[in-house]
Amino acid sequence: MGALNRLAGLGGCELIANTTERTGKNYDMIAIQEDTVIATLTGTKGDSDKTATNFLTTIGLGSATLKQGLIIAVPAGSFIDTLELTSGSVMAYKASEQ
């Protein structure tokens, strides 16, 4: 996937403004719309094995309150497949290629 396609969000996006768990997704970037706490942020690494990973741990987010305006992108080739909020809202950008 080209960097320009990723930055432009050419895969589309989804506003998430509740605590309903999203599964089976292929997000590669999220933008925090208001102060937000993320409960679950898991997916696959961009390695050849598509290793499962917990991005809250690998990116170092933990259970911190993320401030409005923050953009979180997973490493190139990685995808977020499960996202659940504790509070707040995010715009989740879908990967344009899988």
Side-chain angles (χ1 to χ4, degrees):
M1 160 186 1
L4 183 58
N5 287 352
R6 187 175 190 187
L7 289 173
L10 293 182
C13 60
E14 177 181 356
L15 177 64
I16 300 171
N18 58 45
T19 58
T20 302
E21 182 180 53
R22 280 18 184 228
T23 60
K25 301 296 183 174
N26 280 311
Y27 305 129
D28 61 5
M29 185 169 50
I30 58 174
I32 307 300
Q33 300 300 297
E34 61 183 294
D35 289 359
T36 298
V37 176
I38 299 175
T40 305
L41 188 68
T42 60
T44 57
K45 288 184 181 180
D47 59 15
S48 60
D49 296 329
K50 296 295 182 192
T51 306
T53 190
N54 179 345
F55 290 114
L56 288 178
T57 303
T58 59
I59 297 174
L61 300 175
S63 60
T65 298
L66 306 175
K67 296 296 185 181
Q68 179 180 9
L70 179 67
I71 295 174
I72 299 168
V74 295
S78 299
F79 300 104
I80 298 166
D81 60 21
T82 304
L83 173 62
E84 180 182 9
L85 304 181
T86 299
S87 63
S89 63
V90 302
M91 185 66 71
Y93 292 87
K94 299 174 186 174
S96 59
E97 296 176 13
Q98 298 179 21

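Counting from 1, the numbers follow the sequence of the chain as shown. These numbers come from a predicted model, not from an experiment.
In this structure S89 satisfies the side-chain hydrogen bond (donor to acceptor under 3.5 Å, both in side chains) test together with E34, sequence neighbours excluded. Every residue meeting the side-chain hydrogen bond (donor to acceptor under 3.5 Å, both in side chains) condition with T20, not counting sequence neighbours, appears here in chain and number order: N18. Evaluation of the side-chain hydrogen bond (donor to acceptor under 3.5 Å, both in side chains) rule for T19 yields no partner, not counting sequence neighbours. Partners of K25 under the salt bridge (Lys or Arg N to Asp or Glu O under 4.0 Å) rule, at least two apart in sequence or in another chain, are E14. By the salt bridge (Lys or Arg N to Asp or Glu O under 4.0 Å) test, E84 pairs with no residue at all, sequence neighbours left out.
Note that the OG1 atom of T53 and the NZ atom of K45 stand 5.0 Å from one another [nearest 0.5 Å]. In this structure, the separation between CG on D81 and CG on N26 is 7.0 Å, given to the nearest 0.5 Å. The line from CD of E21 to CG of L83 is 9.0 Å long, rounded to the nearest 0.5 Å.
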Please set out all donor-acceptor pairs under 3.5 angstrom arising from side-chain atoms of residues 55-68, sequence neighbours excluded.
unit_1: T58; atom_1: OG1; unit_2: N54; atom_2: O; d: 3.4
unit_1: K67; atom_1: NZ; unit_2: D35; atom_2: OD2; d: 3.2
unit_1: Q68; atom_1: NE2; unit_2: Q33; atom_2: O; d: 3.1

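Between D28 and Y93, some side-chain heavy-atom pair lies under the 4.5 Å cut-off. Within the 4.5 Å cutoff, the side chain of I72 has no heavy atoms near those of the I80 side chain.
In terms of heavy atoms, G77 sits closest to K50 at O-NZ, 3.1 Å. Shown here for L85 and I16, the closest heavy-atom pair between the two residues is CD1-O, 3.7 Å.
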query = What do the steps show when you test I38 against I30 for side-chain contact (heavy atoms from CB on, under 4.5 Å), and what is the final call?
reply = CA-CA 11 Å; I38 299 175; I30 58 174; 3.7 Å; yes

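Hydrophobic clustering keeps V37 apart from L70 (ILVMFWY residues linked when any side-chain heavy atoms are closer than 4.5 Å, directly or through intermediates).
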